[in-house]
Each structure stands twice: as structure tokens, then as C-alpha cells.
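As C-alpha cells, the structure follows; a few thoughts come after it.
Keep in mind the model is a prediction, meaning the values are calculated, not measured. Note on naming: letters A, B, ... go to the chains in the order of the sequence lines (proteins, then strands), and numbering restarts at 1 for each one.
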Amino acid sequence: MSTLTVTLPDGSTREMPAGSTAGDVAASIGRGLAKAAVAAEVNGAEVDLSSPLPPEGCEVAIITANSPKGRHILRHSTAHVLAQAVLQLWPGAKFAIGPPIENGFYYDFDLPGGASFSDDDLDRIEARMREIVGEDQPFEREELTRDEGLAMFADQPYKIEIIAGVDPDEGAAGGSVSAYRNTGRFVDLCRGPHVPSTSRLGSFKLTRVAGAYWRGDEHKAQLQRIYGTAWESDKALAEHLKQVEEAEKRDHRRLGVELDLFHFPSEIGGGLAVFHPKGGLIRKAMEDYSRTEHEAGGYEFVYTPHLAKSTLFETSGHLQWYAEGMYPPMEMEGATYYPKPMNCPMHMLIYRSQQRSYRDLPLRLFELGTVYRFERSGVLHGLLRARGFTQDDSHIFCTPDQLESELASLLAFVIRLLRTFGFEDFEAELATRPEKYVGDPAEWDIATEALRLALESAEVPYVVAEGEGAFYAPKIDVHIRDAIGRRWQMSTLQVDFQLAPRFDLEFTGADNARHRPYIIHRALFGSVERFFGVLVEHHAGAFPAWLAPVQARVLGVRNDHDDTAAAVAARLKAEGLRADWVQGDEPLGARIRRAKLDKLPYVLVVGDDDVAAGTVGVNARGADRPERGVPVDDFVARLRAEVDTHAAVG
RNA sequence: GCCCGAGUAGCUCAGACGGCCAGAGCAGGCGCCUUGUAAGCGUCAGGUCGUGGGUUCGAUUCCCACCUCGGGCUCCA
């Protein structure tokens, strides 16, 4: 009997009988692996466990359910089960696409008579899905020609459109398509691979219904989408659901109300926030830090208005390229004004206000500039996606040979700032020229290369996002990971060759000739509001002392300690610390509890012993037990140091 | 913009086959209590039940429209 040689990921080889499948390889390695296997990679291509291996031998890697690829596959398979359930419960429904997504999957349907799903339908559908899982239906792959595919899905217009869209000349399959059949009950057009049987699924939950457009195009049919999450085990599912719950508890919109930080008055309009005094204190601490650092970094502070005439935005190119992101215009005295969507045009005018010499460069203009952008109502999301927000915006004008060192020091500045705010995990994205762009492609290449060099010299890990750049410049977006592992885009850095010629900006070089400056746009927080929102979620509202609106609350044990409490609070305030005190007309425990619910870093307690000894009891947030008899001076020094060093915990 | 869901006190929520003064906890005011580390007691106040129409003898409840908020709107079979 002939054999074939398979090479495993560790480099080892084994002989298998000819005609063996990937599943056989898994079984030959061990029972545990066979049980965990959901699919395999053969010579780098994902295939079903049941697919026969090529007779000439191959490399085989088993994909297990608890790997990213394995979860992807079982989510995809679960989406098929969802489609089967819906087609059975809504006879005549058309089904469109059902891919795996991060943490789960979805499937889009067109229900008969234009019906739509309601939340109550999820239970019914889920119950039917569990029956399908219980039926242990195999996933069986079928290879079809294009015409067979068109015939098989003759009554499914979305599937027909997908098959028609498959390029007949593309790929090894050469115009063929594949389908997966679950017994006689259900068949779906699908490239696969899939788990061997529905019995391999089960740790899933349908989460929500939504509308979605066919192919994401609002001019096409609106479909009904069902989202679900699926995992390799009930334990993993439970962990995910717990994580979702934790994220809900950290939601900055919820904490914003609970901690009295900000709100979005409907009287003002969607996406436009007001900051309350406590939120204002946090924001002020952020902005103070930012200003101090910029001052130290050689930036000069400028201020510009919120409106400008349309001609400015014609010069900058915004009206031509960015009009859909701008607020509508207003007319006054025969001119048309727009709220500014970006600060750059105004900064260009400041540069142009006088002749510049190479000796003036680099010129770094900084502004906490509030901009307004039109965002469709459906995409607004608290402070994270607002219509009015403030950028810690800067434009750096430099000579070509200063570009590299400016970019390198900027990246270092970004990382330092993010670390100060408690973020440790960074990843950058280098976004290159989009389809819709201005300027000379050769200059785009120079700018992109300069950004790449900066990333490499700063040793920041990055990925390239092709075509994701702004219309006027390539950029580096710096992403952070928060306390519960979510990724957020924060800072951005762009190299721009367009604005200088548009505004006819020049500097006189050492050669006494006129030259174009290079311009770097950058924002470290990005949007102060958005950064604030992410900070709330990252810290779950428990801000480190340097940012906390109230750093320490002083409580007397009884109300005859009120004078001492007030004196201690006054002492802290005199030291420049943010402290308050609450009179003792409620039991101490109750007052402690309120302070804890407000997530204050420190609660100080003064009683008879403390009055006598000049000490306080220190109840630190997160500590196991309170400390007694701490001299006031010691506490002041400790909090002072914590604030001055921007200590992350406290 | 479009699909789904939700709007009852400052916050979190209950309630009603259409019918009597619409309830609770927290927060707030006042009083009592005099408290050593996460909820002391009492009392008072607080709501045009999102807005506007319709059905009805009667609507916060049923119907329609609108407003606001939340989730979603290619991660391409």
C-alpha cells in the first residue's frame, strides 16, 4: 500500500496511507488533537478535515477550535446553522451573507413580505439552532460548476448575485464554486472550510438584530441582520459575555452620568457635549499637562476662530475634498462661512503672515482647537464619536532635511504622553495613499517613506494600512490597548506636501532662495473629548490621583471632629491638592461608602486619636485595609509625589 | 438617512383588561442620632408617564406621526 509524507508544523514528518485525510492526520497524532480539530491547513490553504491529502505529500497543520483560525471556522459554521434555522422558521426567506466577525458572526436575510426580526424572535431562532446542533448534521462540501451553482440557488437572488460576481478566470478553481450541505435540509454557497458536523457547535448566543444594507450600500436592499457570538466552549462563551458586561459597566456615557462628568443636552444637539465641573477638572488636568509638555517641546501657542469664509476652505481643498464631513454653510454680508472641520488652514495663515527664514524652522504651532464635523446621526457614540471636539492640534513647518528628526521626536512625544495617561501597549498603523487624493504620487511616496523610517527608528510595532490615508497626506495612527484589551485609535501624525503650495508658503534658505516648507500635522490626544472618553473606560472611572477631580476627602469620625476635618482639607488645598470634607452627621461607614462610589483615590478619617497626634487615617482606593495614625505631613508628601509623577495607580 | 429597540421623579427601575390620589430604591431638603473605615432612623418635596394628533364617555396605557437616546448598516460566499 502506498503512502504519502506529511510534514507537521514542528518540522517532523509522518507517513500516512494514500488517501488519508487531514482528519486522519489529527487522529494519528492523538485523541485530544482529533477532538479539538475543526479544520486543517494543507500547504497553507484552509481545508475541511475530511478533504483527502494530495498523494505527493504535503505540509499539514491542524486547526483547533481554541485558536483564532479555529474560532473563525466554528463561527462561520454557526452562521450556517443560524441561516438554516431562519429559513425553516420563515419559509421563503432569502439569505444573503453570513461571515464570521470578531467574537462572533452574523447573517443577513430578506424576509418574505418585508418582515423584520424583533428581539423576541431571537429566542425562537436560537431554540431551533440548538435542535440543529443536536441533530449532528454533517457539513458536506460539494464542488459545483458555475452553472450548477446558478441552478442550485435559482430561487436565491443574493446567492445568484454572488456566483455571478465570481470572476470565471480567477483562482485555481477556475470559475467553479463550492457549497456546503447539511443533510437534505440546508445547503449554502460557501468557500469553507467548516467543522465536520453541527454537533461540534453549541457554545453560542444570538445577541441582537439590526438592519444592514446588501453589500453595505444604502442604495441597495435593506436586509435583516442577526448577530451572534460563538466560542469553542461554554466557558469561553461565559468569559466573553462577562467581558461584554464589564465593558458595559465601563461605558463612558454611563459613568459620565454617574460621576457627574459631562452630558449631551438634546437642547444643544446630537454629538455636542457639555462638561460638568468634575469632568472639567479632569479635562483641565489633561490640558494643563499637554500645554506644559508642548511648551517644553518648543511649541508656540496660537488661537484661531471657529468659522471662516468659504474661500479659505477652497484654498485648503477642504470644500473640494472634505465637504461631506463639514457642517453646512451660513451666509452673512454676502459671504459664505463654514464652521472649521480642521485647524490647519488657519495655522497656514499664521505662517504666511510674515516672511520666514530657514532660521525660524522648525516652527511648531500648537492649539487646542475646537472643530466641527458633520457625522451622520447613526454613527454618533458619546464622546468617542462627536460632532464638535477639540484637537490638541499642531502644525510643524520644517525644512526637508529636518523632517526625519522632527518625526522621530514626535513619535517619542506621543509615546511619552500615552504612557503618562496609563497606556502601555501601542501599535501603529501606517496609512498610505487612498483612491481619492490630492498631490503628486511621488511626494506621497517620500512622505510615506519618512513616516516608515520614523516608526522603525522609534521601534514602534506597526502595520501598513493600504489606502487608509487622509486625502491630503499619508499618516501614522497610533493605537493603544486599554485595561480590558480593547484597541483604540488615538494619536495621528501626517506629512503633508499639499498645503504649502496651496497657501504658497515659503521660507528663505541659506542659499537666499525661496523654498517650500514641509508640514507635519499631528494630534496626540487626537480629540480631547475622545481621549477623555477612552480614559474613563480605561480606568473605569477611577482616575489616578493626578487626574481625579477630588483627590482626597476628609471625614471626621463624629461631627465634633468637623473643625479638624476642615483644617486638614484646607491644609491639602494650600498644598495645591484637590481635597474636600464632609460633616459628620451621618455614620462614618455611610460617608466612606459615598466616597468609594465616587471612586475617590483617598479618604482621610480624623478621630480623637488623630486630633491628639496630628495624624489621619488613610483609606486608599484599592487598598486591603485602611492605615491608621499617618502624620498629615507624610500624607501630603505622598499625595504630592503621586500627583507630580502622574503615578498610574493611587 | 435606513432597520430594530427604548423613552414613567435628578439616577436606576416597577406598574396599568383603557377607569379611583402613578409606585419603589438611590440622590435632594428638614429633623433626630454622635457615629473609627462600603448603607442609622424619621419626615418632606419631587412626575403635563418624550411631544403632537387620533380612537374612546374616559388614554400615561390602544393607533399614527414626530423628537430624543441606544444597537446595527461588507470584517465581502
Distance check, [atom1] atoms only: [N] and [M], in whole angstrom units.
N	M	atom1	answer
B:G25	B:C44	P	12 Å
B:U8	B:U51	P	10 Å
B:G36	B:G40	C1'	16 Å
B:A27	B:A45	C1'	13 Å
B:A9	B:U60	P	15 Å
B:G28	B:G70	P	27 Å
B:A16	B:A22	P	16 Å
B:G71	B:G53	C1'	29 Å

Can you find an N or O donor on one side and an acceptor on the other, under 3.5 Å apart, linking the side chain of A:Tyr213 with the base of B:G1?
yes
Look at the side chain of A:Asp608 against the base of B:G36 and say whether a donor-acceptor pair falls under 3.5 Å; ignore hydrogens and angles.
no
Can the ring centroids of A:His76 and A:His80 be said to lie less than 6.0 angstrom from one another?
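Between A:His76 and A:His80, the centre distance is under 6.0 Å.
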As a test of reading the structure: which of [options] is closest to the side chain of [X], going by heavy atoms?
X	options	answer
A:Tyr106	B:U35, B:A77, B:U74	B:U74
A:Cys190	B:U37, B:A77, B:U35	B:A77
A:Val557	B:G36, B:A77, B:A39	B:G36
A:Arg191	B:C73, B:A77, B:U35	B:A77
A:Arg376	B:A77, B:G1, B:U37	B:G1
A:Ala590	B:A38, B:A77, B:A39	B:A39
A:Leu597	B:G36, B:U74, B:A38	B:A38

Are any of [X]'s side-chain N or O atoms less than 4.0 Å away from OP1 or OP2 of [N]?
X	N	answer
A:His381	B:G71	yes
A:Arg594	B:A39	no
A:Arg253	B:G71	yes

Please report the distance, rounded to the nearest Å, between [atom1] in [X] and [atom2] in [N].
X	N	atom1	atom2	value
A:Leu555	B:U34	CG	C1'	14 Å
A:Asp217	B:G1	CG	P	18 Å
A:Asp585	B:C30	CG	C1'	12 Å
A:Asp610	B:G36	CG	P	13 Å
A:Ile268	B:C69	CD1	P	12 Å
A:Lys220	B:C76	NZ	C1'	11 Å
A:Tyr227	B:C75	OH	P	9 Å
A:Glu586	B:C30	CD	C1'	14 Å

Read 5' to 3' with Watson-Crick or G-U pairs under 3.5 Å, [ ] for crossing pairs and | for partners on another strand, RNA chain B gives (((((((..((((.....[...)))).(((((.......))))).....(((((..]....))))))))))))....
Checking all strands, does [X] fall into the base, sugar-phosphate, or nothing category for heavy-atom contacts under 4.0 angstrom?
X	answer
A:Asp188	nothing
A:Gly556	nothing
A:Arg215	base
A:Gly589	sugar-phosphate

May I ask you to check if [X] and [Y] form a cation-pi contact, with NZ or CZ under 6.0 angstrom from the six-membered ring centre and within 45° of the axis?
X	Y	value
A:Lys599	A:Phe543	no
A:Arg75	A:Trp231	yes
A:Arg124	A:Trp90	yes

Check the angle between the aromatic planes of A:Phe374 and A:Tyr327 and answer parallel, tilted or perpendicular using the 30° and 60° thresholds.
perpendicular
Plane angle bin for A:Phe262 and A:Phe275 - parallel if under 30°, tilted between 30 and 60°, otherwise perpendicular:
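If you compare the ring of A:Phe275 with that of A:Phe262, the planes turn out tilted.
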Counting only N and O atoms by type, is there a donor-acceptor contact under 3.5 Å from the side chain of A:Asp482 to the main-chain atoms of A:Ile484?
yes
A:Arg594/A:Glu586 ion pair, N-O < 4.0 Å:
yes
Electrostatic pair A:Asp251-A:Arg253, nearest N-O below 4.0 angstrom
yes
Please identify which of these residues, A:Asp610, A:Asp633, A:Asp609, meets the side-chain hydrogen bond (donor to acceptor under 3.5 Å, both in side chains) condition with A:Thr615.
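So, applying the side-chain hydrogen bond (donor to acceptor under 3.5 Å, both in side chains) to A:Thr615 and each of A:Asp610, A:Asp633, A:Asp609, only A:Asp610 qualifies.
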Distances under 3.5 Å between nitrogen or oxygen atoms of protein and nucleotides 4-13 of chain B:
from	atom 1	to	atom 2	distance (Å)
B:C4	OP1	A:Ser116	OG	3.2

Could you walk me through whether A:Tyr227 and A:Phe105 pass ring-ring contact (aromatic ring centres under 6.0 Å, His included), step by step?
CA-CA 6 Å; A:Tyr227 281 92; A:Phe105 58 90; 8.9 Å; no
My understanding is that only residues two or more places apart in sequence, or in another chain, count here; which of them pass side chain to side chain contact (heavy atoms under 4.5 Å, CB included) with A:Asp48?
A:Ser50, A:Arg141, A:Tyr180, A:Pro193, A:His194
Which is more 5' along RNA chain B, the nucleotide nearest A:Trp214 or the one nearest A:Gly270? Just name the residue.
A:Gly270
